[in-house]
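The sequence lines fix the lettering, A, B, ..., with proteins before strands; numbering per chain opens at 1.
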Amino acid sequence: MSAHPSTLYSETVLAHNRAPKNCGSLVDATHHGVAENAMCGDHLKLSFRVHGNVIAAAMFDGDSCAITTASASMLTEALRGASPARIAELREEMLMMFRAGPLARDDFAAFADLCHHPARQRCALLPFDAAIAALQTKE
Amino acid sequence: MSAHPSTLYSETVLAHNRAPKNCGSLVDATHHGVAENAMCGDHLKLSFRVHGNVIAAAMFDGDSCAITTASASMLTEALRGASPARIAELREEMLMMFRAGPLARDDFAAFADLCHHPARQRCALLPFDAAIAALQTKE
Amino acid sequence: MSRIDDIDAIRAEFPQLARIIHGKPLVYFDNANTAQKPHAVIAAVSGYFSEHNGNVARAVHTLGEEATSLYEGARDKLMRFVGARSREEIVLTRGTTESINLVAYSFLRPTLKPGDEILVSRMEHHSNIVPWQLVAAETGAIVVPAPITDRGELDVDGMIALMNSRTRLVGLTHVSNALGTINPIKTIIDAAAARAIPTLIDGSQAAPHFKIDVAALNCDFYVLTGHKLFAPTGTGALIAKRAHLDAMPPFMGGGEMIRRVSFEGTSFNDPPHKFEPGTPNIAGFIGLGAAIDWLDAVGMDAIAARETHLRDVMLSALHEIPGLRLIGAARERAAVFSFVVDGAHAHDIATLLDQEGVAVRSGHHCTHPTMQFFGLPATVRASLSFYNTEAEIAAFVAALAKVRRMLA
Amino acid sequence: MSRIDDIDAIRAEFPQLARIIHGKPLVYFDNANTAQKPHAVIAAVSGYFSEHNGNVARAVHTLGEEATSLYEGARDKLMRFVGARSREEIVLTRGTTESINLVAYSFLRPTLKPGDEILVSRMEHHSNIVPWQLVAAETGAIVVPAPITDRGELDVDGMIALMNSRTRLVGLTHVSNALGTINPIKTIIDAAAARAIPTLIDGSQAAPHFKIDVAALNCDFYVLTGHKLFAPTGTGALIAKRAHLDAMPPFMGGGEMIRRVSFEGTSFNDPPHKFEPGTPNIAGFIGLGAAIDWLDAVGMDAIAARETHLRDVMLSALHEIPGLRLIGAARERAAVFSFVVDGAHAHDIATLLDQEGVAVRSGHHCTHPTMQFFGLPATVRASLSFYNTEAEIAAFVAALAKVRRMLA
Ligand SMILES: Cc1ncc(COP(=O)(O)O)c(C=O)c1O
Ligand SMILES: Cc1ncc(COP(=O)(O)O)c(C=O)c1O
């Protein structure tokens, strides 16, 4: 609640925003998903290719804020080589972090300060929601 | 607004309440009216007999609070010998008194303290409203 | 020892209770009308205005986020306070009246048909009658009154006997504001559920007095109003099963209840926000959150125990007053007492008691059908809260005696 | 010299303006979202709770009478403040959103027929679109958008050309919350009146900034919200011609909106109470009364003059920022500015400005159709009030430059 200096726009987040990983459209994608942030109208597309039970590649697309872009960049990195079930786990870990602070081992610790910015949590979750939508809408 | 000691239940009001004038039903009435106080459910009937342009007699009936009873008692007294137009004038004077305090010459000065009891003003006005209703519903 | 045992300390937390009225210490026996507010609530409200004032759900700046987390925090507190299953079940409204209108308009109206019945008891507050009448008038449905007894108790078998295949909803007050009766709501909820009839419980007069557990009650809708719960007026809640809220169309449009608006078509937000149009009473709900914290700290069980004691003391005192007739003699009752006095009109008693510093309500208490049942236009109502004292009961009795001498 | 010339003294009356956010003095440029409250308002609210707390219209005791006279006093003050003809024309609501829903449900819905049209501009707040859509969806009526221009001005001829014999209501915002545009409402009201079409003006963003005279405007309905007028949230008004209020059926049922209730039939109170169901936000309206007294003392003309000056300073400052694009360039405008910045997302700007102590809003401002018209998902909006200063404008400009460097 106190108006402490925020660490939300860390160098990690800003760097991902400046040069996001896996930005563009994925050829041979097996799954496509879209999610929308009602608060600002941002749309984010996320696609991935599953081989066996493993995500071989993931990419995202959309004109989003720095938080969404950095989150999408990190998520698409984290998904490579993971099983599709990992998406929901990662989302759950993110939600836990919003409530309880950074987890011991967490790829997304850069977003820990979102616990102080509830209105922006949706921005970081958007790529996860697009990925979950992608799981459902197989092409 | 300040919680000053009230003079509403003055000896005048209490005496009229104990032994109201003109309480009962009027034989040969030319006009009958009823009014209801939504706040407590009280009904008041008021009748009078007009000869020429003069109220010859007025009586009221009903099981009301002390303020309504005293007001009805005084009003029926005041109306005897008056013209029917006097009813609206007296009502207007009462309303002015609620806003501005007692008038120089006023039969109903006993109700002056109602300016501090807005929720009870309707009680004092009830007989006037019954009288005005009576003017309209001639028998 | 519970905090409530030091009643002077508790009373000192309510600034209003120290007021002098017409030269006499205030005896506030109008708690069923609205409750007084502890310092904690007043401070939460002014603290919000002076420190965190911002709008909710709309801004990403610090003030907006602070306001949102205080406001949404109140929803969480209320959820725990009434034992709801999830925060999505808590729609924040202006009060009981709006909560019931919301159910009438959004839950019932879209599917009400001529001949459908809405069953409510004859001891309901107007707010649990008129909203149903409005939608019934529009659709040809009927509002059916369930009988009550001369003791002012619900005729339970009578109400159950009126449940039938046309009954679309059963509405019942948990505690009667006019009579003090505590209704056996669980019996009615279960009987209705056995017939697949949804139930709405009006908890306005219950929540301030004892622990509520909506999940255990298993009613479809439970409604309450904040100002009787020591919070500001203009706050309240509809607590509803999630499935109903999902299925119900929105009631009022605008503000945060939408997802996306266009002239081609508009989509709506999820519950509870779907039912919260426009900027809400933020300070009021922050006050409600503070009131719940305060009540939790004192303990609803301690409050209930103290009120039971005060109720018994008051009941004995009233029984000893000659010419005073209690209206309603329910075996399960709260510390709410309606009465009439021989030869003295309810309004005169209330105004004259006020001259003695005693605040009671007179009138029909927004329960015309209950008053009609007892053949009375109006009663005097004395309603107590845990912060009242035996000394105040004695002062009330003395004041009433004085008033009667004046009117004799 | 007007009181407003001593701006430090004025600012000192707003405790919130002294707040430090992230180590920086707060620059509050989110006034179109909600305004800060002067001490006078905060004190009126807590004074009511600690001294006069009672319910309105229901009790004859001192506290009840004090609360009622404070609450009804607010109605009288509002009546004078907006130049209404009588207090019966002032329905107190939760805010603009509820006011418009009330008109949609009670004024339009009972007589809307398939093919009927409700004409609103494309720059309305969702609250002046969605309520009409809800009643239109139910009745087969249509909500017709009137065009706006690339400058973000109303296409006056375009709107008038859309008025026809099927038009049942014209709704128009007095000042756009997204663009700052001040609309020529009198022209539209007169054009509609000439065709016997009732008008509703959304004054949410107008009333805080300049003098309103509803009698001279001669619109059928004027709506506003208290929290933008330096009063608590959860307060507002529908100001309507008496004849409409007399003819309209009630909206929500319960509480003081009735005259007499029975299961055989219920009769309703007169306006404005007919439209005020349940216990209102008493503290909030007492705060609104205090806010109006405060505004009267400072003077709406002095406020308007100062805001015009701040607007011009801000406009020049914004024009000088490279890569910043103002959305809307109305010739008549309030000190409300929407903009986008090359290469920086609105939300990032708002969050990072907040790190510098500057509170602005980012998003769609509850005006999706306006955003769609300009082809934008979101903008940053800086909205000023009379208590803002040129130094704050300079601080905002410097903070924005810093934020852009971070995001580059
Ligand atoms: C033009 C306009 N109309 C309506 C509203 C809605 O006001 P409220 O949320 O107080 O009902 C607002 C403010 O958000 C507004 O700016
Ligand atoms: C049993 C009951 N129901 C409903 C209400 C209405 O509550 P509100 O006026 O806060 O909507 C009250 C209080 O007046 C009540 O006692």
Side-chain angles (χ1 to χ4, degrees), chain B residues 1-20 23 34-45 60-74 98 110-130, chain C residues 16 18-28 30 33 126 130 178 327 338-381 399 402-408:
Chain B
M1 170 81 11
S2 91
H4 68 111
S6 170
T7 58
L8 181 55
Y9 288 79
S10 59
E11 250 325 300
T12 316
V13 166
L14 290 173
H16 272 281
N17 181 46
R18 254 180 238 114
C23 182
V34 183
E36 183 187 349
N37 187 342
M39 237 179 104
C40 58
D42 280 359
H43 281 262
L44 190 101
K45 291 189 206 138
F60 77 97
D61 207 1
D63 189 15
S64 307
C65 70
I67 307 302
T68 301
T69 304
S71 170
S73 171
M74 293 182 208
F98 292 165
F111 297 117
D113 198 52
L114 280 173
C115 65
H116 298 116
H117 297 277
R120 301 299 305 278
Q121 292 173 358
R122 179 98 191 94
C123 303
L125 289 175
L126 206 63
F128 294 77
D129 291 348
Chain C
Q16 173 87 65
R19 238 196 97 166
I20 300 297
I21 302 280
H22 303 304
K24 310 274 165 57
L26 170 66
V27 173
Y28 189 72
D30 196 18
N33 192 351
H126 294 163
V130 181
I327 309 304
S338 259
F339 59 87
V340 291
V341 174
D342 286 349
H345 189 281
H347 269 9
D348 292 329
I349 293 178
T351 298
L352 286 167
L353 279 178
D354 181 59
Q355 296 297 316
E356 304 300 315
V358 179
V360 296
R361 189 170 168 196
S362 57
H364 51 67
H365 320 298
C366 296
T367 56
H368 278 145
T370 316
M371 296 288 118
Q372 284 152 22
F373 177 83
F374 287 102
L376 294 166
T379 67
V380 182
R381 182 186 69 188
K402 181 166 169 193
V403 164
R404 293 180 71 188
R405 281 194 300 276
M406 278 189 72
L407 290 170

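- In this structure, chain B has heavy atoms under 4.5 Å from both the backbone and the side chain of C:M406.
- Counted by atom type alone, B:D42 and C:H347 present zero donor-acceptor pairs between their side chains at under 3.5 Å.
- With hydrogens and angles disregarded, no donor-acceptor distance shorter than 3.5 Å links the side chain of C:H345 to the backbone of B:D63.
- Looking at B:L14, the atoms closer than 4.5 Å to chain C (heavy atoms on both sides) all sit in the side chain, from C-beta outward.
- B:Y9 OH to C:D348 CG: the interatomic distance, rounded to the nearest 0.5 Å, is 3.5 Å.
- One finds the OG1 atom of C:T351 at 3.5 Å from the CZ atom of B:R120 (value rounded to the nearest 0.5 Å).
- Of the two parts of C:A408, only the backbone, made up of N, CA, C and O, holds a non-hydrogen atom closer than 4.5 Å to a non-hydrogen atom of chain B.
- Heavy atoms of B:T68 lying under 4.5 Å from chain C are absent altogether.
- Between chain C and the residues B:A38, B:C123, B:G41, B:C65, the most heavy-atom pairs under 4.5 angstrom are made by B:C65.
- Rounding to the nearest 0.5 angstrom, the gap separating the CG atom in C:D354 from the CG atom in B:L8 is 10.5 Å.
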